[in-house]
Amino acid sequence: MYGARVAFQPSAATASSSKEKKRRGEDDDDEEDDNEGKGTEAWERAYADERSWEDLQEDESGLLRPIDTKTLVHAQYRKRLLLRSSTGGSAASRIQKGLIRYLYIVIDLSRAASETDYRPSRMAVVARQAEAFIREFFDQNPLSHVGLVTMKDGLAHRLTEIGGSPEAQIKALMGKLECCGEASLQNALELVHGYLSQIPSYGHREVLILSSALNTCDPGDVMETVQRCKKAKIRCSVIGLSAEVFICKHLCEETGGTYTVALNESHFKELLLEHAPPPPAIAEYAAANLIKMGFPQRGAEGVVSICSCHKEAKVGGGYTCPRCKVRVCELPTECRTCGLTLVSSPHLARSYHHLFPVAPFDEVSPHGRPGQRLPTTCFGCQQSFVGQGGAQPSLRTSCPKCNQFFCIDCDIYIHESLHNCPGCESQRNSSVL
Amino acid sequence: MKLEVEGLTVYFPYERIYPEQVEYMRELKRALDAGGHALLEMPTGTGKTAALLSLIVSYSLESPQHQHQLKLLYCTRTVHEMEKTLAELRLLASHLPPTTKSRLLALGLSSRKNLCVNPHVLSAQSRDSVDAACRRLTASWVRTLAHDNPQVPTCPFFEAYDRAASAGPDAVLLPPGVYTLGDLRSFGRSKGWCPYFLARHMIRYANVVVYSYQYLLDPKVATIISKEMQKECVVVFDEAHNIDNVCIEALSVSIRKQTLEGATRNLTQMSQEIERLKATDAGRLRAEYNRLVEGLAQRGNLAITDAWLGNPALPDDILKEAVPGNIRRAEHFLSVLRRLVQYLKSRLLTDKVETENPVNFCAAINSQAGIDQKMLKFCYDRLHSLMLTLEITNTDEFMHIQTVCDFATLVSTYARGFSIIIEPYDERMPTIPDPVLQLSCHDASLAIKPVFDRFQSVIITSGTLSPIDLYPRLLNFSPVISRSFTMSLTRDCICPMVLTRGSDQLPVSTKFDMRSDPGVVRNYGRLLLEMVAAVPDGIVCFFVSYSYMDGIVNSWNEMGILQDVMQHKLVFIETQDVVETTLALDNYRKACDSGRGAVFFSVARGKVAEGIDFDRHYGRLVIMFGVPFQYTLSRILLARLEYLRETFQIKEGDFLTFDALRQAAQCVGRVIRSKADYGMMIFADKRYSRHDKRSKLPGWILSHLHDAHLNLSTDMALHIAREFLRRMAQPYDKTGCGSKKTLLSEEDVMRMSEGAMDTY
């Protein structure tokens with residue numbers, strides 16, 4: 001049995017490889033889709049998913065021109081990165097982050113969720129993205145817990161208990177997809193408040209509401225509930241699907257959460273995934289305290305034992321709790337018998353980069369300062385900055401520490417997946433040698 | 001911050017300034033330099049008041065070459081606006097350098113009801129009864145009586161003020177500063193002085209006086225309050241889009257049956273009073289008679305507390321002659337009034353609508369009641385003198401006879417621009433007899449003319465003054481500057497739309513022949529239904545009239561549309577009852593706050609359309625159902641239209657459209673009160689898409705009204721609304737960037753003015 005501190009000491013970080021793999025996988029999928037699309041003639045393709053007209057934009061003189069999605073995405077990414085680093089998390093000022101999060105996702109299944117301005121319906125989009133979010137969330141926060149709550153018919157209903165397994169949550173969510181009646185913000189908050197107030201003090205209490213409805217039908221004064229949530233230090237965030245609602249904004253402002261409204265499905269996904277990295281810790285909680293954790297051993301192959309989570313005999317695999325020697329199937333979890341938090345060391349390592357993020361790179365103008373020679377290739381991927389055929393040189397950035405230059409794609413990869421700057425790492429290695 | 005506007009240092013109470021405010025100040029400065037009048041339109045929410053106050057205050061305090069310091073008379077419509085203006089002024093004062101600050105004295109002036117601190121007087125209900133209660137305690141004869149007999153109650157605050165004032169006018173001075181009505185009251189309480197009379201005294205010394213329109217436009221009040229204002233004044237009429245109506249109302253009188261009955265009672269009371277006086281103190285009546293023989297209608301130096309409402313006619317039109325002999329004696333005068341009241345009563349008995357011009361009316365009075373025009377002209381002054389002689393203090397009970405005398409004086413003084421309309425019943429309820437005799441003024445320029453003539457600069461400003469060339473014609477003056485400013489926005493935060501068709505592509509309109517068509521009613525209902533489902537928080541709907549609103553809400557109820565609306569939002573309705581409406585508004589706000597969402601049904605030209613703001617989430621969308629034309633069969637309107645055509649060559653159609661569109665603009669302008677705010681406006685009538693109607697909307701709405709939004713059906717409007725709301729919910733940068741800079745710091749303004757210099 002070991003004790004682990006929530007605030008870690010810096011050491012060489014390991015990048016999460018699974019995420020990287022996943023990203024690759026997605027890219028492959030996209031390519032396949034493209035191939036499929038190219039195989040058929042334009043008129044044979046279903047235009048429902050493609051929506052090519054949405055890529056056009058009217059300019060001031062009324063002409064249609066295609067939206068430059070790539071530069072748009074890059075600009076958005078830069079903005080987000082700078083925003084994130086300015087609100088905290090830059091390497092210079094180490095901000096504590098709540099790594100152990102207890103998050104309730106409130107899903108609005110009121111009448112408004114059946115509207116079809118998102119295809120096929122708001123509800124389906126929310127469910128799909130919530131699924132992706134839950135996976136991503138556990139990927140980034142292995143020590144955290146998620147529960148699901150639904151709002152419909154003016155009531156709030158707890159779909160799943162708060163827990164550490166993504167699969168169980170997703171299964172429960174997919175089974176319960178039908179929408180009717182009104183949404184009640186107050187009921188949902190009261191319910192979540194009741195559950196979250198039992199959480200131990202080191203855990204960060206969070207609610208994420210995915211709201212389709214534009215109104216809330218409450219039994220009492222919702223303002224009081226907002227104040228109670230504030231008192232209980234529950235951070236409430238809302239993602240709206242259609243428009244800004246005053247009470248949601250008020251709730252988020254009061255409890256320190258964020259309020260965003262999605263423009264379309266991809267924007268919704270983006271907004272949702274912004275909630276995956278851990279938020280800065282609330283000041284009162286900043287005092288680091290010790291939490292008992294167990295690092296169980298993986299069971300040997302071929303050993304038959306009864307697992308405590310499914311209550312059935314299993315051959316091989318599984319982990320053994322270091323305190324009570326009971327068998328569990330998945331990590332991270334809490335031991336059913338002794339209540340010890342069970343994690344594996346890669347989990348801790350994966351949470352670690354949130355505390356020491358790579359500093360945002362500085363943007364460099366494509367032409368550079370006069371008299372300064374810029375390298376022509378990206379330090380990361382070794383590809384040339386200068387586009388073929390006299391195309392406009394793409395955006396480039398440089399690391400403020402090692403002054404190496406990177407292309408924007410490598411920049412995204414470094415900050416979102418790798419969490420290490422190759423330039424700095426190689427420098428350190430050479431100095432050690 | 002400090003900025004330079006064409007060589008003048010202007011102190012501005014905020015760190016940043018909008019570019020249109022700088023523009024506004026520049027135009028204002030030019031108007032002040034030229035010493036002429038100006039007409040400035042700037043949208044609400046761009047800090048018009050702040051810009052105006054900072055420039056004028058800086059202008060008047062900073063230019064030592066002016067012998068008389070410029071004085072600012074700031075006219076607002078309501079007490080609430082007055083308080084807001086004074087709060088703004090206080091903020092400005094705190095940013096002035098100490099030497100200038102010590103020279104600034106600004107105060108608000110309102111009626112006794114808002115300023116009195118005497119608990120006995122304040123217990124009275126209405127404004128008139130507060131005035132009367134005050135007079136009962138402070139009239140000169142009451143105070144003389146109290147001097148001999150301490151049992152007679154007087155007002156301790158006024159007595160204290162009077163004792164202090166007797167040492168000389170400088171003994172009662174407010175220290176420099178900005179005084180709201182509340183400040184005046186608390187100052188009065190602490191000193192034990194009457195705040196009302198103190199304020200009346202202090203307006204002579206103040207640099208800035210904030211008061212109501214009436215204090216300048218209504219001759220009855222203006223002669224008392226604003227008589228002593230010097231020529232070097234800048235008069236500002238804020239929110240002045242309805243100023244022509246205020247001018248007209250100031251010179252219009254309407255007499256109902258109750259008025260005449262009350263007048264008869266007053267006359268009886270007065271004759272009793274005269275009898276009593278004859279028995280006890282005949283000398284007083286004789287003294288009055290002698291004074292009238294000498295030719296003085298007014299008694300000369302009246303004590304400030306005795307001064308009563310002045311003559312209803314404009315100062316230039318009052319006869320400077322002796323009162324005619326046949327009404328010098330009190331009894332004779334009373335019998336003249338009795339005959340007049342009797343005659344008016346007989347006119348009210350008519351069963352058909354009559355319209356007459358003042359000349360004919362006076363001739364008819366002369367032939368039938370034997371009262372000639374000159375006697376009528378002196379009615380008001382004679383009554384005033386008589387009431388003082390009789391020492392009547394409960395003036396509120398004598399309102400009726402005053403109204404009759406107002407009428408008599410006005411009808412005999414003005415031959416043009418007025419007409420007398422007698423209606424036996426309300427057009428909308430022909431079964432209920434409710435005779436009313438109206439003397440209506442058609443010429444807005446009459447009441448405002450003395451203001452233009454007397455004061456150096458008159459600034460008329462509002463959020464909606466379009467078309468800006470019509471106001472000079474209506475008010476008959478020539479402005480040196482007339483400009484309409486647009487709003488500089490970081491994002492397109494207003495989204496006006498013209499909806500011409502329902503989702504079934506049939507046109508919608510409140511035109512007379514279409515408004516009761518069930519298809520139109522249904523289409524309007526569908527529109528509302530779609531919008532309540534797509535728009536968060538508050539929605540405001542304006543209808544063209546109460547009767548139309550009642551009708552359409554009834555039909556919606558029968559069609560089940562209202563029930564469907566209630567599933568999404570609660571419905572609140574404005575009524576003619578003020579208390580009920582206030583309650584409805586309160587609950588509407590509560591519903592918006594708590595996220596339940598609400599719709600407010602209101603009427604254009606109503607109280608809500610004029611005075612209540614639906615900013616932020618209280619109004620994300622405003623729907624204007626129909627074009628709010630005036631009731632075109634109204635006799636008063638017809639008479640006014642005829643007059644306008646003959647005198648000012650303004651076509652009937654032009655004026656009606658102008659009036660309807662300024663009301664519509666006023667209604668939809670309720671939703672946007674600042675730049676950080678956003679809101680949509682739907683004009684739901686096919687007539688709005690026509691150029692002659694649309695072009696009369698203010699520029700700041702027109703500039704956001706894209707061609708694509710001119711001819712929408714319900715489903716298209718819904719799509720646009722959804723997109724707009726999503727876009728507006730995204731975070732944005734408040735200061736704007738690059739060329740679209742909308743918040744200027746001190747350096748930016750410097751650079752701007754330098755840039756302007758370079759171009760010359």
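Sequence lines set the chain letters: A, B, ... in the order given, protein chains first and strands last, and positions in each chain run from 1.
- Under a cut-off of 6.0 angstrom, the local environment of NE2 in B:His719 is sparse, with at most 12 non-hydrogen atoms contributed by other residues, nucleotides or ligands.
- Heavy-atom distances place no part of A:His250 under 4.5 Å from chain B, backbone and side chain included.
- Between the side chain of B:Arg726 and the backbone N or O of A:Glu244, no donor-acceptor pair lies under 3.5 Å.
- Using a cut-off of 4.0 Å between Lys/Arg side-chain N and Asp/Glu carboxylate O, A:Lys249 and B:Asp537 are scored as not salt-bridged.
- With a threshold of 4.5 angstrom between heavy atoms, B:Val532 does not approach chain A through any atom at all.
- Proximity to chain A (any heavy atom under 4.5 Å) is shown, for B:Phe724, by neither the backbone nor the side chain.
- If you measure heavy-atom distances from B:Gln567 to chain A, the contacts under 4.5 Å come from both the backbone and the side chain.
- When heavy atoms are compared at a cutoff of 4.5 Å, A:Ala112 does not approach chain B at all.
- Contact of B:Ala591 with chain A is not made at all, since no heavy-atom distance falls under 4.5 Å.
- Rounding to the nearest 0.5 angstrom, the gap separating the SG atom in A:Cys248 from the NE2 atom in B:His617 is 12.0 Å.
- Expressed to the nearest 0.5 Å, how far NZ of B:Lys569 lies from CG of A:Asn215 amounts to 6.0 Å.
- Salt bridge status for A:Glu182 with B:Arg596: absent, with no side-chain N to carboxylate O gap under 4.0 Å.
- Rounding to the nearest 0.5 angstrom, the gap separating the CZ atom in B:Arg620 from the CG atom in A:Leu214 is 11.5 Å.
- For A:Leu185, no part sits under 4.5 Å from any heavy atom of chain B, backbone or side chain.
- With a 4.5 Å cut-off on non-hydrogen atoms, A:Val245 touches chain B through its backbone and its side chain both.
- The contact between A:Thr216 and chain B is made by backbone and side chain atoms together, counting heavy-atom distances below 4.5 Å.
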Residues B:Gln730, A:His267; criterion side-chain contact (heavy atoms from CB on, under 4.5 Å); working and verdict: CA-CA 11 Å; B:Gln730 304 309 315; A:His267 188 224; 3.2 Å; yes
